[in-house]
Amino acid sequence: MSNNPTASPAEPVHAHEEVPRGTIKAYLEVAGVLTVLTILEIWAFYVPSLQPVLIPILLVLSGAKFALVVMFYMHLKYDHLAYTGIFGPLLALAGFIVIALMILIAYFMGSPPTA
Amino acid sequence: MAVAVPKEVVKARENYLTEGGLLSWLVTVDHKRIGVMYGLTSLAFMGLAGFEALAMRIQLAQPNNHFLSADLYNQFFTMHGTTMIFLVIMPLGLGFFGNIAMPLQIGARDVAFPRLNALSYWIFLFGALFMYSSFLFGGLPDAGWFGYANLTERFFTPGSREDFWAIGLLILGISSILGALNFFVTIVNMRAPGMTFMRMPIFVWNILVASVLVLVAFPPLTVGLVFLVMDRFLGTHFYSTVAGATPILWQHLFWLFGHPEVYILALPAFGIISEVIPCFSRKPLFGYAAMAYATALIGFISYGVWGHHMFATGMGPIADAAFALSTMAIAIPTGIKVYSWVATLWRGNFVWTTSFLYALAFVVQFTLGGLTGVMHAQPPIDLQQTGSYFIVAHFHYVLGGGSLFAFLAGLYYWWPKMTGRMMNEKLGRINFWLTCIGFNMTFFPMHFLGLGGMPRRIYTYGAGLHWDFWNMFCTIGAFVMATGILFLLIAMVESLTRGPEAPADPWDGRTLEWSIPSPPPVYNFAEIPHVHSKDAFWEMKYGNNPGHKVPEVAAEHEAGHVPHIHVPAPSMFPILLAAGLALCGIGAVAWLRITLVGLLIVYLAIVGIGFEYPTYGEHPSKERGDDIYPLDSRKVGMWTFIGSESLFFASLIGTYMAYKGRDLIGPTAKEILEIPLTSFSTFVLLMSSLLMVLALAGFERGDIKAGRNWLFATAGLGCIFLGGQAYEFNKFYHEGVTLQHNLFGQTFYTLVGFHGLHVLLGVIWLLTLAFASFKDMVPKKRALAVEFGGLYWHFVDIVWIVIFSLVYLMDKVTGA
Amino acid sequence: MTRSSVSSELFEHPSVPLGVALLAAAYIIAARVLKKPVSRGQVASFAAALASLLFALSGPVERLADERSFTAHMSQHLILGLVFPPLFLLGTPGWMLRPLVRPPFLRQLAKVVTNPIVAFVLYNALLVVLHVPKVFDLMCRNEAFHVAMHLGLIVTGVITWWPLLSPLPELPRLSYPAQMLYLFLQLIPMASVAAPVSLAETVIYPYYATSTPHPFGLSPLADQILGGLFMWVGAGFYMTAVFTIIFYRWARRDDRDQPVILSDNGSQPAKARA
Amino acid sequence: MKLKASLGCLRSAILAGLSAACLAGCEVFNGPLSTFIIRSDFARDSYRLFRYTFIWDCIILLTVLVPMVLALFWLTPRTGPQEQEHVEGTSWLEAAWTITPALILISMAIPTIRLTFQNQPPTPPPGALRVRVIGHQWWWEFQYPEYHLTTPDELHIPAGRTVYFDLESADVIHGFWAPQLGGKRDAIPGHVNHIVLTPEKPGEYYGECTQYCGLSHANMRFRVYVDTPENFAAWVKQQQSAPATAAGNDPKVEAGAAVFAAAPCVTCHTIEGVSKGYIGPNLSHIGSHQTLAGSILSNTPENMAKWIRNPEEVKPGAQMPALGLDPVQIDYLVAYLESLK
């Protein structure tokens, strides 16, 4: 979605110009956080007392990692909002597909055979 | 007060049809030429599908008829459906009208990616030929256009017919996605200055939403087809009960595509009608904003209604009710559209052209189809009607009396613009009345037959079922309709050979395409128009602003000069790439080594396209005047592609999650997955993303050497990741978990394997860039090329983040 | 409590009328002190906001929510998060809020929390956490925590609506397309909370499983499904309606913002083609 | 005069033709598969909802057609071509045609959802007769667990008693539909679907497969016989007893039994007390059936012989091979099978 729907014809908007991107330092910091989050994930996985809440923990942690990569490494944070506008809804639909398939097929097939 | 519009014939010095020889069409990247090729190809396939339909109608004219064998009938109905949907209506709506009219309506010189456009066409053509070539190898596909599993498993459909169908659809899917991506980017980014979303011609709105639907609907189909091909070739059991799976998975994936597909077919038609009716009623479209909103809303809701095709499968009352509600909801925006068309007619001053007649017939017939559609949203009614001829009547009213009639309206409407010749109205009338009467004779009685209990897809029926009269009637109607279509061909040939030359603006049109000569010059607009309102050209002509010039025609006419506009250069790579892809398909059904040759050609052609222009950063977009647009088209395209790819992975992940824990035999995920190893490769992949941004930073600041080294390092980490995966797969394999072993095996290898394949492609991409940088082909101003490689690489990374938690970490949880 | 007078209902949770009265007083005083006109529409909107608060948090809705009905409780949350905030923001003129964000620290804070991403996360994180069965149960049994949660919903609700309806140009609204994107994304956490609740096959909120019979004769499970559907379908339709309104505003803005085309003599603007 | 007379003639001919066409046209709703002949509660519910929706559909169609016809043929434009009023929208009108259909749809949605849940009860109703329906390429198998019975292609159920069908498939997806008894459901491998209905009136009802299931999908039909409770009880009794055969009296039948036992028939077919094949239909009482081979042939000795001689000719793709028996053997075999009452 273009964010400049009313750009007056006389002065076309240039978005080709350099957008300020993250610095090397920011990239390194993000890498650090990503590492820490991954370690947390694996740690949570091995702690028996966390088993009951492991799924939400994993969802939150991987969501955070996902967001970090998308925002910083893929520059969505710095770039034109239009790119987020394209990617966001498609990603939402992707989530919808996963959940819909899980629910519909689980209901259709009944509960899985317990091992 | 109105500006005089030059009604006399104004010709461009060189129009797009005549420039260059016949061979130049093979390498053309001109959207108008590509549109024409789409149109011709689709019409040819329409003839084929029509022939199949007539044969089927003869067979059904009487009970216990022996005109066609059961086998031939099944082939014909399968290919009639497949052809009409994938090779006729969809390419006509998007490929033909989208290409012919959309760029002209938004005042662009071409689409965003002209070579990609050519590529879409060639892939479409080769895919279609590939699918039909099964005729030479044991017959046409015969499992229905819906190809319900598990009938399509090799056990029930031996031979290669279904292989051609599945692989052909995969190839066609690539074409559709590329085409839609192109249109989406074009519309988002390349509208003429001042043309806000709310001033776009409504046809463009419809193409926009249809393109988005293609982008979100085809990935699930692709995944479904991949599973099917794996089942048929590699012995997996995604759709058979042997390993504990269910054939219903196919129906979900297929209709997740299939219902949006209905709107992919219908939306361009809505768009055409919304142009034709105002034009010939001499009135602006009633309720523009509501129309635009309804278009978007239809697109959105259509993604959540697929289950109404599956009421008979026993999804359970909750799912039935949810899909019933969402399906009924879609009637509201559709109703808004119909009423807005009627309101546009209200107190109009009509010009009774053939195009207008088709549009009127469309409104009535589409409304009929829509109203029966409401019945199919209600499970109790649907259970009586689904699978019967009532459904056949319903969707022929929607897609035949709807989409196809709209396309005929559009053909008559844009024909003068496209060919520079007027069509004969008398022949047009004959064509219209025969087609319209024939259509209704053929399909209206099918409602009766359906209510009388006649099921679809039967090649014969017994006597004494009271169906004889109407079946004969339908058959007669089919021939009337065929005669009508014959007159269309006659009218087209007559126009091309003897038709009077068309003025630029024969209908006194409202949108920008009528402001340029017919047929348009290669570059479309000598000067990109500035838009100040909806119905931009009408405004220029009559908008109470005498000072405002009617730009194009006048300028051309007076000065007689052709402005110096660089148009995109022709390219041989699109047709080459498509041929490579077709070779891959042939290889899959014939001899696998051919596939490798095909892949090599594809790779070389992609590299060729990527480095065709030595100064990528500027040429050709700059000279086309692209710098007036707000965003970088290529980057919009990349993000759209990534979004579409997410849906592909979502379908794979959804399948994995749905089948999780349903294995009939072990070992399963939690017994076999190794976390330490995968943790390490996860870390490696994350770090490769870091190196990738460093590489990009290097290229962006002009430090090519550093950038290249980081690129190599990134690719290296990618290889380490792949090595880890190879080790893991090998280990599992030796522990007995093969692809065919159990549900876990097939879903795991497929999901993780497809991710691995993406990593591999990423590595190849990055290495290609790195080696190209040795030859100075990736200078600073081309850092964008590295950014695209990077975006893809990061995408592979984020997919892995999801897979790592969902597949590796979470799987151990269940049952623990 | 079987039969209670209106006053006793009101004073069962004295914090509610007290809070409402405070808000009303603040509004009146601000209008008086700053001496700027408040339009009738704004007053009406603000009054409606307060009324929605009273309706949700006292009287029969509160009694049902407190004791017997999950559905009533969900309606309460929906009013707090979806009805009160937009009315409140529409009813409050910008100049009334400006002094609040004048101190640099508060201003900085306001900048951060009204950032669309932060605003989105704040409200939805609360929404998701709130519906975790254990948290929900705790909330139902612990009055203080309950009040805190409701306050949290109100505050984060206002914050989350800020990017759509901000009355302050210095903390601006999003552009219309971005507003639609924002709203579309709001549907996801809402649905991901509501879907499991309405599709659950057992009662997952024990507080309401053991409570006294439901007033409308619903079983606890049916009550829970209904509550989930209120949140899913009801809120879904509500958001769709808001989405529609934004779309039409966008459409109209695009129409209105047409550059005025001057006619030849340069004096008369062309007739707007509205 | 002559012209007038011939015109009159023409007119009456056209009228006669039209009314004949109408009659012929309406006949379609009187066929044995018509959804307008209602013989169960399930079919009645569907039909009522259909009628309700149909009426609304007609009204909505009129709200489109009438203004359209008015606009096209009756109203004239108010002004000249370039200066007509530029109505680009009217808010109240747009709101009206958004909200009114929404209300109509809600009025359809409520009974729809009620029926959707009613049609799919979570457990079989008490006292229901359970029938297991198994779809095969290309014939139907009906099992009565309650009575330990199996019968191909012809289903007997008692009038007035609720029947609970368990639909299954042996190979690919099939669709079970007897229109006069109600809506269809698919028979899906690896899954059990259900239909609940109470047949109301004794009679013979036609059914067919409605999910495309391969080459001979069109030849996969069946019959439902709704019997009076007494007749049903008698039928059950007859089916439970060993096949009554005239073996002792008729040498042809005896010879046929020998052919049956010697030919590969026994590997696929069950005849109680003779063979235990389970791939093909159970033939224990085939002589008492009205139809053959997926209910596409009426059960006459000629048809039976034709079928045995070359199944492929009757039903393309049939799983039963042509056995290459000579005409005499076929004659004996037919006599034997027809004697199995």
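Lettering of chains follows the sequences in order, A, B, ..., and the numbering in each one begins at 1.
When heavy atoms are compared at a cutoff of 4.5 Å, D:Ile99 does not approach chain B at all. Interface residue D:Ile188: only side-chain heavy atoms are found under 4.5 Å from chain B. Looking at B:Trp470, the atoms closer than 4.5 Å to chain D (heavy atoms on both sides) all sit in the side chain, from C-beta outward. Heavy atoms of D:Leu65 lying under 4.5 Å from chain B belong exclusively to its side chain. Neither the backbone nor the side chain of B:Glu153 comes within contact range of chain D; no heavy atoms are under 4.5 Å apart. Only the side chain of D:Gln137 comes within contact range of chain B, with at least one heavy atom under 4.5 Å from a heavy atom of that chain.
Scored by the side-chain hydrogen bond (donor to acceptor under 3.5 Å, both in side chains) test, D:Glu27 finds B:His466, D:Asn30 as partners (sequence neighbours excluded). The side-chain hydrogen bond (donor to acceptor under 3.5 Å, both in side chains) search around B:Ser69 returns none, not counting sequence neighbours. In this view, B:Lys337 and B:Asn206, B:Thr295 satisfy the side-chain hydrogen bond (donor to acceptor under 3.5 Å, both in side chains) rule, not counting sequence neighbours.
Donor-acceptor pairing under 3.5 Å is lacking for the side chains of D:His217 and D:Asn219.
Near-neighbour residues of residues 239-250 of chain B relative to chain D, defined by a heavy atom under 4.5 Å from a heavy atom of that chain, comprise B:Thr241, B:Pro247, B:Ile248.
In this pair, B:Phe390 and B:His376 present their aromatic rings perpendicular. The plane angle is above 60°, beyond the 30 to 60° band. Ring geometry, B:Phe362 versus B:Trp341: the interplanar angle exceeds 60°, so the pair is classed perpendicular (tilted spans 30 to 60°). Ring pair D:Trp139/D:His136 is parallel by interplanar angle, where below 30° counts as parallel and above 60° as perpendicular. Classification of the D:Tyr164-D:His194 ring pair by plane angle, with boundaries at 30° and 60°, yields parallel.
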